[in-house]
Amino acid sequence: MKFKSVKGTKDILPEDIFKWHFVEQKIRSIMHTFNYREIRTPVFEETALFSRGIGELTDIVGKEMYTFPDRSGTSLTLKPEMTAAVMRAYLQNNLGEQQPLTKVYYISPMFRQERPQAGRLRQFHQFGAESIGSSNPTSDAEIISLSNQIYKSFEIRNFKTSINSVGCEKCRPQYKEILKNHLMGFAQKLSEESQKRLEQNPLRILDSKNETDRELTKNAPLVKDHLCEECANHFSEVQQILNKLNVPYSIDGRIVRGLDYYTKTAYEIVSSDLGSQDALAGGGRYDLLVEQIGGKITPSVGFAAGIERLLMTLEKGNVFSGNDISPDVFIAAADDLGKIWAIETAMKLRNVGIPSEIDFLNRSLKAQMREADRQKARFVIVAGATEIEKQSFTIKNMQTGVQMDVPSSEILNHFQNETR
RNA sequence: GUGUCCAUAGUUCAGUUGGUUAGAACGCCAGGUUGUGGCCCUGGAGGUCGUGGGUUCAAAUCCCACUGGACACCCCA
């Protein structure tokens, strides 16, 4: 075969598309329930938006972005995540000047050049929401309960929500020192990866999957126990609201999101129905991002969720069965006269909204019947010179096998009743 | 980027210690009625055995490289 889709990318074929429609429709409807409005941004942005917004030291910016120069030499990047792009659009279009709080959601492809595996593709799709302009813990709670609500509405069973606070620019640096001092005691014993992170990103050592790292850091100090007063209050208010809303969650002091812009609340939703990449969604508060990309301080919260991963859990739950589309009527032609009549009649039926199909391959009547059956058409009209002569057509119900004759003038009415 | 496993018809797979025309099932096409589907029967089409090298008298089968896939690490949605 000459051409193949590039590594880590997939076609979504007609036979699967109804799953995507189903999922997208549900997401949209819940987003609207929470009064979030859709936003769409270009698939690429200036590279600097992401490197500045997400953080130079993150893995995403460091080694996963699809970056290329355009013909004028500007460095562009296929979006690896949506938050920075949304915030750019927010600033560029002065959305914050039109109202103090902006609530938007998106459904969009993302691109990250990683080694593909279960639940990880190079082009994948995310949905997510951003609540821009509020530092109120109610906003954090709304975002968390919104994402929960979506999974609940899909009747997903095995998911759980964990929350944490990663502090702010005031308390986190102090905590970092405390943590570093603690880790220094046994730095040599840590995994190679973790030793590298000691200087740049000591927080990340806490959520290492390495067994020895986990054992060694069992008693390490956690950010949530070293928050400044403001962060501590914020964290406890978020919890109180979640309790009131009956959103089930647990506190996990080791959650550290991989993007630099998070402050205070960080959370994730994982599923035991997924493989090693078990995060369905992740998010949190990012009070510093807007400043990073050149706006004035704008406290915000948001989350992002993987559609392929959601689909994987739904496949496990056997949610999809025979939801594919099929025509109501297949018009089978017995001869050349019938062929003309068939396309004319199909058009008439289509004009009143009845999905109809005909044969395009000059097949025998038998083959046309087979085709109608394969497509799960509910009815077949047989048309040939005889019927056209008599102006009366045979309509076969494909489920029961029963045939009846209907005069040409009654056909439209007949199907409008039958297919209602 | 690293590691492990894998790569044969449209699909899921079989292919014996390397040996001659590479098989099955399902799917597809046609026929079994002269204008009628599903079940059944009969026949048919369809394969550069991922690609490129190498070993050998002989390679789908052994070796190497590359590409792609699955999974895991890493990281994350």
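Not measured: the values here are computed from a predicted model. First the proteins, then the strands, lettered A, B, ... as listed; each starts at 1.
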When you compare [N] with [M], how far apart are their [atom1] atoms, in angstrom units rounded to a whole number?
{"N": "B:C49", "M": "B:G19", "atom1": "P", "result": "16 Å"}
{"N": "B:U61", "M": "B:U17", "atom1": "C1'", "result": "11 Å"}
{"N": "B:C62", "M": "B:A14", "atom1": "P", "result": "14 Å"}
{"N": "B:C71", "M": "B:G54", "atom1": "P", "result": "35 Å"}
{"N": "B:G69", "M": "B:C63", "atom1": "P", "result": "23 Å"}
{"N": "B:A60", "M": "B:G50", "atom1": "P", "result": "10 Å"}
{"N": "B:G18", "M": "B:C76", "atom1": "C1'", "result": "46 Å"}

Options [options], nucleotide nearest the side-chain atoms of [X]:
{"X": "A:Q403", "options": "B:U36, B:C74, B:C29", "value": "B:U36"}
{"X": "A:K7", "options": "B:G69, B:G31, B:A30", "value": "B:G69"}
{"X": "A:L365", "options": "B:G3, B:U36, B:C74", "value": "B:U36"}
{"X": "A:A281", "options": "B:A77, B:G68, B:A72", "value": "B:A77"}
{"X": "A:S276", "options": "B:A70, B:C73, B:G37", "value": "B:C73"}
{"X": "A:R115", "options": "B:U36, B:G1, B:A30", "value": "B:G1"}
{"X": "A:D373", "options": "B:G38, B:C74, B:A70", "value": "B:G38"}
{"X": "A:A118", "options": "B:U36, B:C76, B:A72", "value": "B:A72"}
{"X": "A:Q117", "options": "B:G1, B:A77, B:C74", "value": "B:C74"}

To the nearest angstrom, the CZ-P distance between A:R122 and B:G69 comes to 8 Å
So with a 6.0 Å cut-off around [atom1] of [X], is the heavy-atom count from everything else above 12?
{"X": "A:F34", "atom1": "CZ", "result": "yes"}
{"X": "A:E46", "atom1": "CD", "result": "no"}
{"X": "A:E155", "atom1": "CD", "result": "no"}
{"X": "A:R363", "atom1": "CZ", "result": "yes"}
{"X": "A:K26", "atom1": "NZ", "result": "yes"}

Comparing nearest nucleotides in RNA chain B, the 5'-proximal residue of the pair A:T394, A:K10 is A:T394
Check: [X] side chain, [N] base, donor-acceptor under 3.5 Å:
{"X": "A:R120", "N": "B:C74", "answer": "yes"}
{"X": "A:R374", "N": "B:C28", "answer": "no"}
{"X": "A:Q368", "N": "B:U36", "answer": "no"}

Given the options A:V86, A:T102, A:L101, A:L95 meets side chain to side chain contact (heavy atoms under 4.5 Å, CB included) only with A:T102
